[in-house]
Amino acid sequence: MAETVAVINLAGELDATTVHALLAVLEQLTASPVTHVIVAARELSFCDMSGVEQLAATHQTLLAKGGRLVIAEPGPGLCRLLEVMAEHVRPAIQAFPALTEALADAGVDLDAAVLPLLRVRRHLPRYRRIPHVAVAPGRAGTRHLRPGKPPAQEQPSQPPPPADTRRSLINRSHELRRQARQQVNTMQWRLFLAGRSRTTLSDTLDRCRDTLAMMRAKVRESPTRTGPGGPPPAGDGQAR
């Protein structure tokens, strides 16, 4: 059973710009003897509907092979998307609170050799020093020295920030990107509502103009009155 189980560890953000990378992996798995796919989403910081739709499509393909796709350790946002998708995909994609539970459900024997491989330590990006390019006065003004030759009085380089600071900066950057994406979606929705309201107002204005034209035509067709009582009836007696 374990030979037909594959684990995919997702990290970072899964949206319309990165779903193609996931699609390439899932297409290879569905074409292989693998029948059960476990998506480890603990390190997935963001996921939109395009990513969930791709997971649902793979889930349906694996169901036809006698397997399925499950998600382990999803975040709150991904859980809400799975609840929405459950209304359209039957059977729904099951979520497990722990990766070990998902592996046990797939029939994988969790021994001491497998457990250390479940959590691979991820590295953080490192700061790299840029080669120094010095500017020194020359006969014709200024001239550029070659990289790697600092001036005579070089200032001491600042030490890189600690790992905790770098991690907080990366998390802050992800949070700002998420907020910006939400603001873009909100603005697009407001533009859609504004366009629909403008269309409704335009239709209402056209109906008002048509009604006004009909009222004017009826006024023109009605007989002209000479006073409050109207014209005297035909054949009325003359004054005596």
I'd like to check V37 versus V70 (side-chain heavy atoms, cut-off strictly below 4.5 Å). Are they in contact? no
I'd like to know if the side chain of H59 and the backbone of P91 have a donor-acceptor N/O pair within less than 3.5 Å. yes
Who are the side chain to side chain donor-acceptor pair (under 3.5 Å) partners of D15, not counting sequence neighbours? T17, T18, R181
From D210 CG over to D206 CG, what is the distance, rounded to the nearest 0.5 angstrom? 6.5 Å
Restricting to non-hydrogen atoms, name the atom on A41 and the atom on P74 that form the minimum distance, rounded to 0.1 Å. CB-CA, 4.2 Å
Drop me the distance from L212's CG to R207's CZ, to the nearest 0.5 angstrom. 15.0 Å
Are I8 and L69 grouped together when hydrophobic residues (ILVMFWY) are joined by side-chain heavy atoms under 4.5 angstrom apart? yes
Quick one: CD1 on I38 to CG on L99, what's the gap to the nearest 0.5 Å? 6.5 Å
What's the separation between atom OG1 in T4 and atom CG in L29, rounded to the nearest 0.5 Å? 11.5 Å
Hey, what do you get for CG (L14) to CG (L55), rounding to the nearest 0.5 Å? 6.5 Å
Would a 4.5 Å heavy-atom cut-off, applied to side chains only, mark M49 and M85 as touching? yes
Is there side-chain contact between D105 and F96, with at least one heavy-atom pair below 4.5 Å? yes
With T30, which residues qualify under side-chain contact (heavy atoms from CB on, under 4.5 Å), at least two apart? T58, T61, L62
Take V7 and L103, measure what side-chain contact (heavy atoms from CB on, under 4.5 Å) needs, and give me the verdict at the end. CA-CA 9 Å; V7 179; L103 291 171; 3.7 Å; yes
Over all atoms of both residues, closest heavy-atom pair of S45 and H174: OG-ND1, 4.3 Å
V25 reachable from L78 in the ILVMFWY side-chain graph, under 4.5 Å edges: yes
Given 3.5 Å as the limit, does a donor-acceptor pair link the side chain of K65 with the main chain of V34, or not? yes
Let me check something: any side-chain donor-acceptor pairs from residues 186-197 under 3.5 Å, sequence neighbours excluded? List them with distances.
residue	atom	partner	partner atom	Å
T186	OG1	Q182	O	2.9
S197	OG	L193	O	2.9

For residues E175 and Q179, is any side-chain donor paired with an opposing acceptor at under 3.5 Å? yes
Should L23 and L10 be counted in the same cluster of Ile, Leu, Val, Met, Phe, Trp and Tyr side chains packed under 4.5 Å apart? no
What distance separates L82 CG from Q94 CD, expressed to the nearest 0.5 Å? 11.0 Å
Under 3.5 Å: donor-acceptor pair, side chain of S50, backbone of A16: yes
Any side-chain heavy atom of L81 sitting closer than 4.5 Å to one from D48? no
